[in-house]
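Single-structure report; data block below.
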Amino acid sequence: QKEVEQDPGPLSVPEGAIVSLNCTYSNSAFQYFMWYRQYSRKGPELLMYTYSSGNKEDGRFTAQVDKSSKYISLFIRDSQPSDSATYLCAMSPPLIKAAGNKLTFGGGTRVLVKP
Amino acid sequence: EAEVAQSPRYKITEKSQAVAFWCDPISGHATLYWYRQILGQGPELLVQFQDESVVDDSQLPKDRFSAERLKGVDSTLKIQPAELGDSAMYLCASSSSGNEQFFGPGTRLTVL
């Protein structure tokens, strides 16, 4: 079983709809959670970064973390065709040294927003 | 806006040949990572540097892969000899003091 599970999709929604993405994880040491967006043949782009349970909002994006259930979500409001991409969740344990920690990624969910 | 630079963007090679990828992190970022991403999967860490020192290379296939960051700035990842199963996207990322990692555009490797 993978440490981080993510539905591969594709998830197809009409323009303007809310996109709901989620990941589950098994390692209770994970304390930092990130969402990346990756367009085809491009590198991942950091969208959201959080380390506490609850919600964090940034424009049309809301990240939600439930550490008790080991479940994280990303919501995209008023979705646009330009939001069509693969969304990757990533997580890491707390920083215990000056160097960063390696990220453990989910497999990514492909999202298609149709005009 | 500062970005992670990688080259080449695409590389096609035959198996048993040697290939090398280059990465220039965001200026001032002490930590540099190399990840491999197989099509349809998430990235997996190959090696992590703090300045010029290797912090984690536990997932690097050391019989054929090598990585260096001699002056603690840019980095090179080498594969010799390349195998068919090495076909993937090779991503470089960098971070400063925190967990936020910023990725470059990647090098897409095809081994024939």
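A note on names: the letters A, B, ... follow the listed sequences, proteins ahead of strands, and every chain is numbered from 1.
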Chain A-proximal positions within residues 7-16 of chain B [heavy-atom distance under 4.5 Å]: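 So the qualifying residues are B:Arg9, B:Tyr10.
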For the [atom1] atom on [X], are there more than 12 heavy atoms of other groups (residues, nucleotides or ligands in this structure) within a distance under 6.0 Å?
{"X": "B:Arg108", "atom1": "CZ", "result": "yes"}
{"X": "B:Phe65", "atom1": "CZ", "result": "yes"}
{"X": "B:Leu39", "atom1": "CG", "result": "no"}
{"X": "B:Lys71", "atom1": "NZ", "result": "no"}

Single-linkage hydrophobic cluster, 4.5 Å side-chain cutoff, [X] and [Y] together:
{"X": "A:Phe61", "Y": "A:Val13", "answer": "yes"}
{"X": "B:Val54", "Y": "B:Phe21", "answer": "yes"}
{"X": "A:Leu74", "Y": "A:Tyr49", "answer": "no"}
{"X": "B:Leu32", "Y": "B:Ile79", "answer": "yes"}
{"X": "B:Leu45", "Y": "A:Met91", "answer": "no"}

Contact origin within A:Pro44 toward chain B - heavy atom pairs under 4.5 Å: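 Both backbone and side chain.
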Side chains of A:Leu103 and B:Tyr35 in contact at under 4.5 Å (non-hydrogen atoms): yes
Minimum heavy-atom distance B:Gln101-A:Leu46, with the two atoms named: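 For B:Gln101 versus A:Leu46, the nearest heavy atoms are O-CB, 4.4 Å.
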Least distance between heavy atoms, A:Leu88 atom then B:Pro43 atom: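 Between these two residues, the closest heavy atoms are CD1-CD, 4.2 Å.
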Toward chain A, the part of B:Glu44 with a non-hydrogen atom under 4.5 Å: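 B:Glu44 has no heavy atom closer than 4.5 Å to chain A.
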Contact listing (chain B partner; residues 28-43 of chain A; heavy atom under 4.5 Å): A:Tyr32, A:Met34, A:Tyr36, A:Gln38, A:Arg41, A:Lys42, A:Gly43
